Every structure is written in C-alpha cells, then in structure tokens.
Enquirer: 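After the structure tokens below, expect a handful of questions from me.
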Amino acid sequence: MIELEGVPELIDPVMVAAFEGWNDAGDAASTAVAHLEREWKGEVFAALDAEDYYDFQVNRPTVYLDGGVRKITWPTTRLSVVRVGGDKPRDLVLVRGIEPSMRWRSFCNELLGFAHELGVEMVVILGALLGDTPHTRPVPVSGVTSDPDLARTMDLEETRYEGPTGIVGILQEACTHAGVPAVSLWAAVPHYVSQPPNPKATLALLNRLEDLIDLRIPLGELAEDARAWQVGVDQLASEDSEVAEYVQTLEEARDTAELPEASGEAIAREFERYLRRRDGGPSHATETGDSSYLRDTSSGRTRPPKPPKADDAGAGPDGGSPELADLPEAPGAPETPGTPKAPRTPGTPDSPGSPDSPGSSGSPDSPGSPDAPDSPDAQED
C-alpha cells in the first residue's frame, strides 16, 4: 500500500507522464512535462527508488556542490502535483523521469499504485518519434488509446500496432489492464534535425494536451523559442542545396497528403482554441503573432504508413543545437538513412512519418530498433 502524506485531496486529477530515452525524440515529451511543472510550480511529493529500476552504468548519477557540500543526484522518476485554478479547478499529477533499465512491470505497477491512491481519472502519456516530416510544416501529433470507448468518445485512434515498444507502450497497456483510461500523444520530429531541444514539437504536444484535458496551458516563451528554432533550421537547410531540395520534397508530399484533411471541422477546432485563449484574459501567457505554422490544422486523422521493420532505424544522439543529419543520395526517396547516431523513421514520401517508430534522442545505449507508438493505422501506445 502506498501512503501519501502531505498530499491534499485532489480535484478531478489527470496524470501526465513523459520519459527520457527511446520514446522522447528531440526531448520534446520530457520538456513538455518539465514546462508544466515549471509554469504551474509543481511540488515533488514522491520519487521511485533508483536502485530498483536503473542501471547506473547506462544512466549515471551526477555529483554537484551545494554550499560547498558534495551531493549526488540519482537518475529516477519523480512525481509532482499542480493545481490549475479558474472556473473549473483541477489537479495534474506530473510524472517525469527516465525510461527504466529493468523491472518494467513493477515500475508500471508502482506508478499505477500512486494513481489509485490519488484518485487519478485518466493517464496521458507523452511521446515523440522521428519521422519523414518537414520542419516547415505543423508538427503532426497523433492521439491513440487501447480503450475502444475512449477512442470513440474523445475522437482518438484505437491502437493496432504490433512490434517493439518502449515504456510508453508498456505503461499504456498496464493502465488498460488496470481499468484506468489512458491516452498516448505522439509528436513527429523531423529525422534530419533530431537533436534536442525541439520546442516546436514540445509546443505541439502541449496544444494537443490542452485540447484533450480542456485546460488552458500557459506557454511562456515556448512559442518564441519554436519560431527561433525554425529560423535556425531554415538557415542550416539553405546552406545545402541537397537538404533544401529534400525538404521541398517532404513539403510537397505533406501538402498533397493533407489536402483532403483541411476540413471545416479542423478549422473550427483551431478557431475555438483561439477564442479560448483570447477570452482567458491577460493573466495567462499566450502565443503572439502569426503562429499558424506551429500547429497542425488538419483533422488529426491522417493515416501514416504501416510500421517499418524494427531494423530500419536506430536510436539518436544526445544534445546540441539544431543540426542536420546526412541525407540520402537521392533526396526525397522513401529510405532516408542518417548518420550512424542519427535515427530516423522510414516512411513513404506521401506521409508525415509513421508514429509507430519513434527513435530516441537519448543515449547511444538505446536499442537499435525504433520505438513503436501508435499510429491511426497501426499503433500501440
């Protein structure tokens, strides 16, 4: 039995989780939860025992000085709680950590124990994958679930994916078996600029999360960071004609694939978000200027290709400012290998990339096969 001391009774709590590693291309998902924790001043109330779940040769502890005293920070997963005020206040339980090295079933059971004790009504897991999507277009975000009723009521895709998966997929299935409603949101990150951070993908995840849980999320400087990131990638791409040609090919394929999806329903949803932010008043941070490229205005129901084979992509490198990976000799070809440490998600040229195959922006020790979140056609998480 998990006993929580000092945690008040929560109001309509939703658990939002993200994990660094294989399911976190460009650090987009973990950065999104960190943003929520920072903006709403989350207070950590629990941490999982690092000894139980982490290999310290893979995820090493760090040493720091605190007033001249040496201290150690251990890699782990921490839980914090934030209360969101307004006309309809509610609480969020934020889970942020690193994909565990071992004992995944025990790891998920411990998180679900916290969820049960706190009365969590729904679990939302954020992830990011590498895909054949141009950086100049809105970031595709797919929402998937293993619950048929939830898929129908919340306009989500029911997972059909089969193949390798990460902790996001395992946690979602654990929630399903425990009877806890769970949703996974996946953002597609351009495989040719996979290095973290990717504020544009983080912003896209937060926008979709905002719609899902019906809460207005303060964005702070994230919108401006996303614009600066795109300008930086534009400059890098313009310096290489091959890269520029390849990006143009991806743009044409994306625009052609999404032409039927520019529906009145999608436009109405975007306008409703605009009105919700405008009516919220000046007390919350909002996006400014023309940020139409920051969101996917499609209906969200584009159908990516079937998941690639597990050996088609690998894990990605860590850190660094926007940097372009190597491109194929024939720009625009479906197969787009990167450098040995630059993962990518293979996909057909007429698709923004399959959410079934996120790569990792994490350590070189990540598995050599892509992760497998859920896509509208074949998804798991």
Side-chain angles (χ1 to χ4, degrees), residues 2 14-25 28-30 32-33 46-50 52-55 58-59 75-79 93-116 120 122-130 142-148 150-151 156-187 205 307 310 313 315 345 354-363 365-375 378-381:
I2 297 176
V14 172
M15 178 177 281
V16 182
F19 304 95
E20 300 174 15
W22 211 35
N23 303 136
D24 193 23
S30 58
V33 173
L48 277 59
D49 190 343
D52 292 339
Y53 305 114
Y54 294 98
D55 180 348
V58 176
N59 298 288
T76 188
T77 294
R78 295 176 172 83
L79 292 85
V93 179
L94 305 179
V95 179
R96 182 160 65 103
I98 305 169
E99 184 177 64
S101 306
M102 60 195 80
R103 302 185 183 92
W104 284 19
R105 285 176 291 186
S106 298
F107 180 87
C108 293
N109 287 337
E110 189 165 353
L111 288 180
L112 286 173
F114 282 109
H116 175 74
V120 167
M122 182 171 67
V123 175
V124 181
I125 316 166
L126 306 183
L129 53 94
L130 296 176
S142 58
V144 294
T145 180
S146 298
D147 187 331
L150 203 62
L156 301 168
E157 295 293 338
E158 189 176 353
T159 178
R160 290 289 184 269
Y161 172 75
E162 295 178 294
T165 189
I167 193 60
V168 172
I170 300 301
L171 180 56
Q172 178 164 332
E173 289 306 306
C175 290
T176 300
H177 290 300
V180 179
V183 177
S184 295
L185 299 180
W186 290 95
L205 281 171
T345 302
S354 171
D356 299 317
S357 309
S360 166
S361 60
S363 68
D365 300 304
S366 301
S369 61
D371 189 289
D374 316 68
S375 83
Q379 307 206 350
E380 168 177 319
D381 304 331

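Everything numeric here is computed off the predicted structure, so don't read it as measured data. Values reported hereafter were calculated over all heavy atoms of this structure, with side chains retained and with hydrogens, waters and symmetry mates removed.
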Enquirer: side-chain contact (heavy atoms from CB on, under 4.5 Å) between Thr76 and Asp49: does it pass, once the steps are laid out?
Expert: CA-CA 7 Å; Thr76 188; Asp49 190 343; over 6 Å; no

Enquirer: How many angstroms lie between CZ in Phe107 and CG in Asp52, if you round to the nearest 0.5 Å?
Expert: 11.0 Å

Enquirer: Got a second to check how far Asp147's CG is from Gln172's CD, nearest 0.5 Å?
Expert: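 Rounded to the nearest 0.5 Å, the CG-CD separation comes out at 9.5 Å.
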
Enquirer: Step by step, would you call Val144 with Val183 a side-chain contact (heavy atoms from CB on, under 4.5 Å)?
Expert: CA-CA 6 Å; Val144 294; Val183 177; over 6 Å; no

Enquirer: Can you tell me if Arg78 uses its side chain to pair, donor with acceptor, with the backbone of Leu48 under 3.5 Å?
Expert: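 No; judged by distance alone, with no hydrogens or angles, the pair does not exist.
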
Enquirer: For residues Arg96 and Ser30, report the shortest heavy-atom separation together with the two atoms involved.
Expert: CD-O, 3.6 Å

Enquirer: Which atom pair, heavy atoms only, marks the closest approach of Glu110 to Tyr53?
Expert: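 In this case the closest contact between Glu110 and Tyr53 is OE1-OH, 2.5 Å.
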
Enquirer: Start with the C-alpha distance between Leu111 and Leu171, add both sets of side-chain angles, then the distance that settles side-chain contact (heavy atoms from CB on, under 4.5 Å), and finish with yes or no.
Expert: CA-CA 9 Å; Leu111 288 180; Leu171 180 56; 4.2 Å; yes

Enquirer: Determine yes or no for a side-chain-to-main-chain donor-acceptor pair under 3.5 angstrom, with Asn23 supplying the side chain and Ala128 the backbone.
Expert: no

Enquirer: Before giving the answer on side-chain contact (heavy atoms from CB on, under 4.5 Å), spell out for Val120 and Val93 the whole-Å C-alpha distance, their side-chain angles and the decisive distance to 0.1 Å.
Expert: CA-CA 8 Å; Val120 167; Val93 179; 4.3 Å; yes

Enquirer: If you compare all heavy atoms of Thr145 against all heavy atoms of Ala182, which two are closest, and at what distance to 0.1 Å?
Expert: OG1-O, 2.8 Å

Enquirer: Looking at every non-hydrogen atom in both residues, tell me the closest pair between Asn59 and Ile98 and how far apart they are.
Expert: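 Looking at all heavy atoms of both residues, the closest pair is OD1-CG2, 3.5 Å.
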
Enquirer: Can a donor-acceptor pair be found between the side chains of Ser146 and Glu173 at a distance below 3.5 Å?
Expert: yes

Enquirer: Of all the heavy-atom pairs spanning Glu99 and Tyr54, show the shortest one and how long it is.
Expert: O-CE2, 3.7 Å

Enquirer: CE/Met15 to SG/Cys175 distance, rounded to the nearest 0.5 angstrom?
Expert: 8.0 Å

Enquirer: If you take all heavy atoms of Asp24 and Ala29, which pair is closest and at what distance?
Expert: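 Taking every non-hydrogen atom into account, OD1-N, 2.8 Å.
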
Enquirer: Less than 4.5 Å apart, any side-chain heavy atom of Val124 and any of Val14?
Expert: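 Yes. Closest side-chain heavy atoms under 4.5 Å.
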
Enquirer: Have a look at Trp186 and tell me which of Leu126, Val168, Ile125, Leu205 forms a side-chain contact (heavy atoms from CB on, under 4.5 Å) with it.
Expert: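 So the option named by the test is Val168.
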
